[in-house]
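All figures in this text were calculated on a predicted structure; none of them were measured in a lab. Letters A, B, ... are given to chains in the order of the sequence lines, protein chains preceding strands, and every chain is numbered from 1.
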There are 2 protein chains.
Amino acid sequence: MSTAKTKGPGHILVVDDDREICTLIGKFLKKRDYRVTLVGNGHEMRRALGEWSIDLVILDLMLPGEDGLQLCRDLRARSTIPIIMLTVMSEETDRIIGLEMGADDYLAKPFNPRELLARIKAVLRRVKTNADATSQTRPRTLYFSGWRLEIGRRQFFSPNGLLVDLSGGEFDLLVVFAEHPQQVLTREQLLDLTHGRSQGAFDRSIDMQISRLRRKIEISHSAPELIMTVRGGGYSFTSNVSQHEPSDP
Amino acid sequence: MSTAKTKGPGHILVVDDDREICTLIGKFLKKRDYRVTLVGNGHEMRRALGEWSIDLVILDLMLPGEDGLQLCRDLRARSTIPIIMLTVMSEETDRIIGLEMGADDYLAKPFNPRELLARIKAVLRRVKTNADATSQTRPRTLYFSGWRLEIGRRQFFSPNGLLVDLSGGEFDLLVVFAEHPQQVLTREQLLDLTHGRSQGAFDRSIDMQISRLRRKIEISHSAPELIMTVRGGGYSFTSNVSQHEPSDP
DNA sequence: CCGCGACGGTTACACTATGTTACCAAAAAG
DNA sequence: CTTTTTGGTAACATAGTGTAACCGTCGCGG
C-alpha cells in the first residue's frame, strides 16, 4: 500500500490490482490536490478504511480472486461512503450498471482521467448536498477504564463521573484513539484521522496534542497508562474499549 | 410537445430536436412504464419543467441554435434534477465538460436503448436513495434537555415551562441546530440553512447570533452545554433531540 | 560503562479562531 | 415619524493550536 502526502479536497482510496492504472489515477488525482491511497485487494481496502479517513472509494470490479460486486455490497452494507466502480468496457457493462449493488457511479475502462475527475466531483457534490438531511446520528458512547466518552455530544467523563474539560482537538484525538484501541497509530494516521490533513516532515503538532491530552487523562504523569508511546512508530491506546457501560464492580 | 400519460417508475423529459430519436426513446420508455414528455428545444424544456413534475431530463447537447452545455449548467444551477446527456460519439470533450457542468451521466449517440434504460435506472436509484433520507416530514415540536421547541408556533419553552423570548434569527438558528443534532455545522452551512445565503470570507454574523443565543439558553455562561464550538469546524448541537415529550423524571 | 544520536516530552511563544462588548444601521413596531 | 428591536460590523479579549527550542531518555556501538 502506498499513500501520497497531499492535502486537498478529499482523501480517495483506489482499489485496483493493476499497477499501471493505480499509478495513473494516483498521479492524476494528486496533481489535483486529492490525497490518494492505493491498494490492490479487498483485504487491504478494509484495512485502509480503518486506518485512514477516506472520502471516496474507487473500486475495480475485476480483482484477481475476488468479486468486486460483493466487495461493493459489503462496503455499502456497512457504511455510506461513496463508491465509484471501474468496469470493463463491454456489453456486460450495462447489465452491471443495472444491478443494484449500491455504487454511486460507474466508469468503463479504459477511461479518460478527466472523466474520472468529473465523476468524482459529481459524486462528492451529491454527497455534500445530501449531507445535511441524511445524517442519522446514533448516540455513540464508548467506555474504557471507567471513563465515558460521549462522541455525539462531545463530552468526556472521568471515572468519578465529572465532566473533563477537553479542547476540540484533544477530544478529536481521544475519539480516534478510542475507535482504534490496542493498535499502533502513526503520527500521520492520527493527523489524517483527526484533521483529514497530511503532515510535513517535521510536524510535531500531534506530539503536542498528545502531551496536552495526557496531562488531562493520565493519572500518573510519569508513566502513561492509556496512551502509550511506541518509539519510532507512533502511539497506541492500551485500554479495552467497550460500547456498553460495564457492570458495576 | 407531446406527453404520454402513463403512471410508472418516473416522469422523464426528453429534450431533442431529432424526431426520430424522440420517438424511439419515447416508445421504448413508455413500454417500460415510464411517463415521457418530449420537447425539441430549451424553451419548451423550461416550460415542461414548470408544468410537470419531472424526475429526470435526457438532454441532447446538439440542439439547433442552442448550447446544450449552457442549458445543462442553467438547469443544474437552479435544481438538483438528474440529467443524462446525449452526445455525439466523437466529442469526448463535450461529455466531460457536461459532467463538469453537473450532468449525472452521458450516453453517446447512436446508443442501444437498453443502455439508456440501464443508466436511467442507475441515476434514478442514486437520487432515490438520497431522497429517502431527505424527504421525511419534519416534526413541528422538538424536545431536548427539558426544553421544548414549537417550530410551527415559533415558540420556545425553558425546562421550567416559561416562554423564552428569542428573536427571529435566534429562533431560526436554534431550529437548524435542533434539526441537525450531534453533528458539526460549519458557519457556511448555518448561514445557508438559516438565511439561505452564502457568506463572505470574514463574516462573523453567525458568531454573534450564536453568542446571543447562548446567552439565552445556556445555563453556564462559561461552559456551553447545548451549543459546542468546534474550532476550525463550526458548531455542534450536543443535546439529544426527541420528537416526543420525554417521560416525567 | 560511556558517549552519541535520534526520538519524544515539555516549555515558551506566536498566531489564529472564537467570544464578547460597543456601536450603528436597518427593520419593525407604534 | 418616533421608538424599539434586531442584526451586523468593528474592535478588543481570550483560548486553542502549531512551531521552535531545549532537554531528557532510549538504544546502540564502542
Side-chain angles (χ1 to χ4, degrees), chain A residues 7 154 156 164-176 184-218 220-237, chain B residues 154 156 163-176 184-238:
Chain A
K7 295 181 182 181
R154 301 186 67 82
F156 182 55
V164 181
D165 180 48
L166 295 182
S167 78
E170 289 159 1
F171 188 90
D172 290 339
L173 185 60
L174 184 56
V175 168
V176 167
V184 178
L185 299 169
T186 67
R187 283 162 228 279
E188 192 185 356
Q189 282 178 292
L190 289 168
L191 214 45
D192 180 59
L193 291 166
T194 53
H195 296 73
R197 141 176 101 97
S198 64
Q199 71 178 341
F202 303 102
D203 198 327
R204 300 279 313 275
S205 59
I206 284 292
D207 299 52
M208 279 308 309
Q209 286 295 43
I210 296 274
S211 176
R212 286 168 177 144
L213 184 54
R214 275 177 171 159
R215 213 178 287 164
K216 295 181 180 176
I217 71 175
E218 294 285 11
S220 163
H221 185 247
S222 59
E225 290 178 1
L226 289 171
I227 301 175
M228 191 153 58
T229 303
V230 179
R231 195 181 170 84
Y235 298 92
S236 166
F237 196 65
Chain B
R154 296 191 69 81
F156 182 56
L163 180 64
V164 180
D165 179 49
L166 296 182
S167 78
E170 288 161 358
F171 189 89
D172 291 339
L173 186 59
L174 184 56
V175 168
V176 168
V184 178
L185 299 169
T186 66
R187 284 159 223 281
E188 194 178 352
Q189 282 178 300
L190 290 168
L191 212 46
D192 182 49
L193 290 167
T194 53
H195 296 75
R197 115 184 119 97
S198 66
Q199 70 177 341
F202 302 102
D203 198 328
R204 299 278 313 276
S205 58
I206 283 293
D207 299 51
M208 281 308 309
Q209 287 293 54
I210 295 275
S211 178
R212 285 168 177 143
L213 184 55
R214 274 177 172 158
R215 209 178 292 162
K216 295 182 181 175
I217 70 175
E218 294 284 10
I219 313 291
S220 163
H221 188 246
S222 59
E225 289 179 0
L226 289 172
I227 302 174
M228 182 134 340
T229 67
V230 179
R231 190 187 168 90
Y235 299 91
S236 167
F237 194 67
T238 65

Asks: Does Arg187(B) put a side-chain nitrogen or oxygen below 4.0 Å from OP1 or OP2 of dT18(C)?
Replies: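 Yes, within the criterion.
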Asks: Would you say Arg215(B) places a side-chain N or O within less than 4.0 Å of OP1 or OP2 belonging to dT20(C)?
Replies: no
Asks: Just how far is it from atom OG1 of Thr229(A) to atom CZ of Arg214(A), taken to the nearest 0.5 Å?
Replies: 3.5 Å
Asks: Over all strands shown, is Arg214(A) touching base, sugar-phosphate only, or nothing at heavy-atom distances under 4.0 angstrom?
Replies: sugar-phosphate
Asks: For the pair made of CG in Leu191(A) and C1' in dG18(D), what is the distance, rounded to whole Å?
Replies: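 Going from Leu191(A) (CG) to dG18(D) (C1'), I get 11 Å.
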Asks: With a cut-off of less than 4.0 Å, is there a side-chain N or O of Ser211(B) near OP1 or OP2 of dT18(C)?
Replies: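 Result: no.
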Asks: Out of dT18(C), dT9(D), dA12(C), which nucleotide sits closest to the side chain of Met208(A)?
Replies: dA12(C)
Asks: Do you know which of Leu173(B), Asp192(B), Leu190(B) makes side-chain contact (heavy atoms from CB on, under 4.5 Å) with Leu185(B)?
Replies: Leu190(B)
Asks: Tell me the interatomic distance from Ile206(B), atom CD1, to dG8(D), atom P, rounded to whole angstroms.
Replies: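 Whole-Å distance recorded here is 8 Å.
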Asks: Measure from CZ on Arg204(B) to P on dA10(D) and round the result to the nearest Å.
Replies: 11 Å
Asks: Expressed as a whole number of angstroms, how long is the span from Asp207(A):CG to dA20(D):C1'?
Replies: 13 Å
Asks: Enumerate the protein-to-nucleotides 14-17 of chain D contacts in which both atoms are nitrogen or oxygen and the separation is below 3.5 Å.
Replies:
| residue | atom | partner | partner atom | Å |
| --- | --- | --- | --- | --- |
| dG16(D) | O4' | Arg231(B) | NH1 | 3.3 |
| dG16(D) | N2 | Arg231(B) | NH2 | 3.3 |
| dG16(D) | N3 | Arg231(B) | NH2 | 3.3 |
| dT17(D) | OP1 | Gly169(A) | N | 2.7 |
| dT17(D) | OP2 | Ser167(A) | OG | 2.1 |

Asks: Nearest heavy-atom pair of Ile217(A) and Phe156(A): which atoms, and what distance?
Replies: CG2-CE2, 3.6 Å
Asks: Which heavy-atom pair separates Phe237(B) from Leu174(B) by the least distance, and what is that distance?
Replies: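 Nearest heavy atoms, Phe237(B) then Leu174(B): CE1-CD1, 4.2 Å.
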Asks: Within this structure, what is the CG-to-P distance between Leu185(B) and dT18(C), rounded to whole angstrom?
Replies: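 Rounding to the nearest Å, CG of Leu185(B) and P of dT18(C) are 14 Å apart.
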Asks: Could you pull out all residues at least two apart from Arg212(A) that satisfy salt bridge (Lys or Arg N to Asp or Glu O under 4.0 Å)?
Replies: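 Once residues adjacent in sequence are excluded, Arg212(A) has no partner under the salt bridge (Lys or Arg N to Asp or Glu O under 4.0 Å) criterion.
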Asks: Looking at residues at least two apart in the chain, or sitting in another chain, which of them share a side-chain hydrogen bond (donor to acceptor under 3.5 Å, both in side chains) with Arg231(B)?
Replies: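 If we apply the side-chain hydrogen bond (donor to acceptor under 3.5 Å, both in side chains) test to Arg231(B), skipping adjacent residues, there are no hits.
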Asks: Using modelled atom types and a 3.5 Å cut-off, is there a donor and acceptor pairing between side-chain atoms of Glu218(A) and backbone atoms of Ile227(A)?
Replies: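 At least one qualifying donor-acceptor pair exists.
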Asks: Quick one: side-chain contact (heavy atoms from CB on, under 4.5 Å) partners of Ser211(B), sequence neighbours excluded?
Replies: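 Ser211(B): side-chain contact (heavy atoms from CB on, under 4.5 Å) contacts with Arg215(B).
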Asks: Under 4.0 angstrom, heavy atoms only, what part of the nucleic acid is Phe171(B) near: base, sugar-phosphate, or nothing?
Replies: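 No contact.
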Asks: At under 4.0 Å between heavy atoms, which parts of nucleotides 25-30 of chain C does protein reach? Answer with one letter per nucleotide, 5' to 3': B base, S sugar-phosphate only, - none.
Replies: ------
Asks: Look at Tyr235(A) and dC7(C) and indicate whether a side-chain polar atom (N or O) is within less than 4.0 Å of OP1 or OP2.
Replies: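 Answer is no, no contact under 4.0 Å.
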Asks: For Asp207(A), what residues pass the salt bridge (Lys or Arg N to Asp or Glu O under 4.0 Å) criterion, not counting sequence neighbours?
Replies: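 Partners of Asp207(A) under the salt bridge (Lys or Arg N to Asp or Glu O under 4.0 Å) test: Arg187(A), Arg204(A).
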